[in-house]
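Excluded from the calculations below are hydrogen atoms, water molecules and symmetry mates; all remaining heavy atoms, backbone and side chain alike, are included.
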Amino acid sequence: MNSDRVLIFFVAVLFIFSCGSDSSKNAQKRAAKQAVKKPKAQPGQIVYMQFCLSCHMENGEGVPGLYPPLSQTKYVLGDKKWLIANVLLGQQGEIVVKGETYNNIMTKMDFLGDKEISEVLTYVRSNFGNQASPVTIGEVKAVRDSLKANNIF
């Protein structure tokens with residue numbers, strides 16, 4: 001009878017310790033997963049990372065003498081139609097941004113959909129120290145349609 005009590009006590013202690021270690025292991029795993037989770041990308045950020053980052057850099061500051069910055073420039077903060085057309089048609093020839101002359105080629109990105117362009121331009125206009133209104137899908141469509149109607153595209 002005494003050995004039965006010792007056995008029950010031993011099994012109970014073993015059960016308690018094994019449950020405690022499992023829950024603490026699970027808690028550790030959950031904490032590790034939460035620590036590893038990356039913040040969700042903003043709309044347009046993935047398109048920016050795929051097509052714009054290599055020239056305009058992660059911080060939107062560009063590469064001096066090669067690729068212009070996107071932060072706090074009249075081109076980004078100004079006329080949305082010009083900005084949209086610039087993405088659709090690309091950029092070639094001299095451009096002066098923040099007093100520095102750039103003369104490199106930006107590839108046209110007319111292969112991007114209207115939604116992708118609106119999202120990436122909204123991302124650019126609201127990041128890198130910029131605080132400008134969003135670019136809508138309708139605005140992109142209107143510029144694209146106008147370029148097509150004028151046989152520029």
* **Heavy-atom neighbours of E58 CD exceed 12 at 6.0 Å** => no

* **L53 CG: over 12 foreign heavy atoms closer than 6.0 Å** => yes

* **Donor-acceptor contact below 3.5 Å, side chain R144 vs main chain D110** => yes

* Side-chain (R125) to main-chain (P134) donor-acceptor, under 3.5 angstrom -> no

* Between Y75 and M57, is there a shared hydrophobic cluster once you connect ILVMFWY residues whose side-chain heavy atoms come closer than 4.5 Å? -> no

* To do: Would you check, one step at a time, whether the test side-chain contact (heavy atoms from CB on, under 4.5 Å) holds for L66 with Y102?
  => CA-CA 6 Å; L66 293 176; Y102 297 87; 5.6 Å; no

* Specify whether Y123 and F128 have parallel, tilted or perpendicular ring planes, treating 30° as the upper limit for parallel and 60° as the lower limit for perpendicular. => perpendicular

* Asked: Could you state the interatomic distance from OG1 (T122) to CD1 (I137), rounded to the nearest 0.5 Å?
  -> 9.0 Å

* Would a hydrophobic clustering, with Ile, Leu, Val, Met, Phe, Trp and Tyr connected at side-chain separations under 4.5 Å, put F51 with I105? -> no

* Say you draw a straight line from CE of M49 to OG of S54; how long is it, rounded to the nearest 0.5 Å? -> 12.0 Å

* Asked: Distance-only, no hydrogens or angles: does the E139 side chain make a donor-acceptor pair with backbone N or O of T136 under 3.5 Å?
  -> yes

* **Nearest-0.5 Å distance that lies between atom OG in S126 and atom CD in Q42** => 6.0 Å

* Atom pair CD (Q92) and CE (M106), whose distance is rounded to the nearest 0.5 Å -> 12.0 Å

* Would you check if the side chain of N86 reaches a backbone N or O of W82 as a donor-acceptor pair within less than 3.5 Å? => no

* Would you mind reporting whether S133 and K80 have side-chain heavy atoms less than 4.5 Å apart? => yes

* Which atom pair, heavy atoms only, marks the closest approach of C55 to V63? -> O-CG2, 3.6 Å

* Expected output: side-chain N104 to main-chain Y67 donor-acceptor under 3.5 Å -> no

* Asked: Hey, does the side chain of N130 reach the backbone of L77 with a donor-acceptor pair shorter than 3.5 angstrom?
  -> no

* From the options L147, V140, D145, select the one residue that forms a side chain to side chain contact (heavy atoms under 4.5 Å, CB included) with V143. => L147

* **Pair N127-Q45, side-chain donor/acceptor within less than 3.5 Å** => no

* Structure fact -> Here the pair of heavy atoms bringing V124 nearest to Y48 is CG2-CD1, 3.8 Å

* Is the count of non-hydrogen atoms from other residues, nucleotides or ligands lying under 6.0 Å from K98 atom NZ greater than 12? -> yes

* Asked: Between H56 (side chain) and L70 (backbone), is there a donor-acceptor pair under 3.5 Å?
  -> no

* Would a distance-only check, ignoring hydrogens and angles, find a side-chain to backbone donor-acceptor pair under 3.5 Å from D114 to G138? -> no

* **Spatial distance of atom CG (L112) from atom CE (M109) [nearest 0.5 Å]** => 7.0 Å

* Exceeds 12 heavy-atom contacts within 6.0 angstrom, atom CD of E100 -> yes

* **Pair S71, E61: side-chain N/O donor-acceptor within cut-off below 3.5 Å** => yes

* Can you measure from CD1 (I117) to CG (L88) and round to the nearest 0.5 angstrom? => 4.0 Å

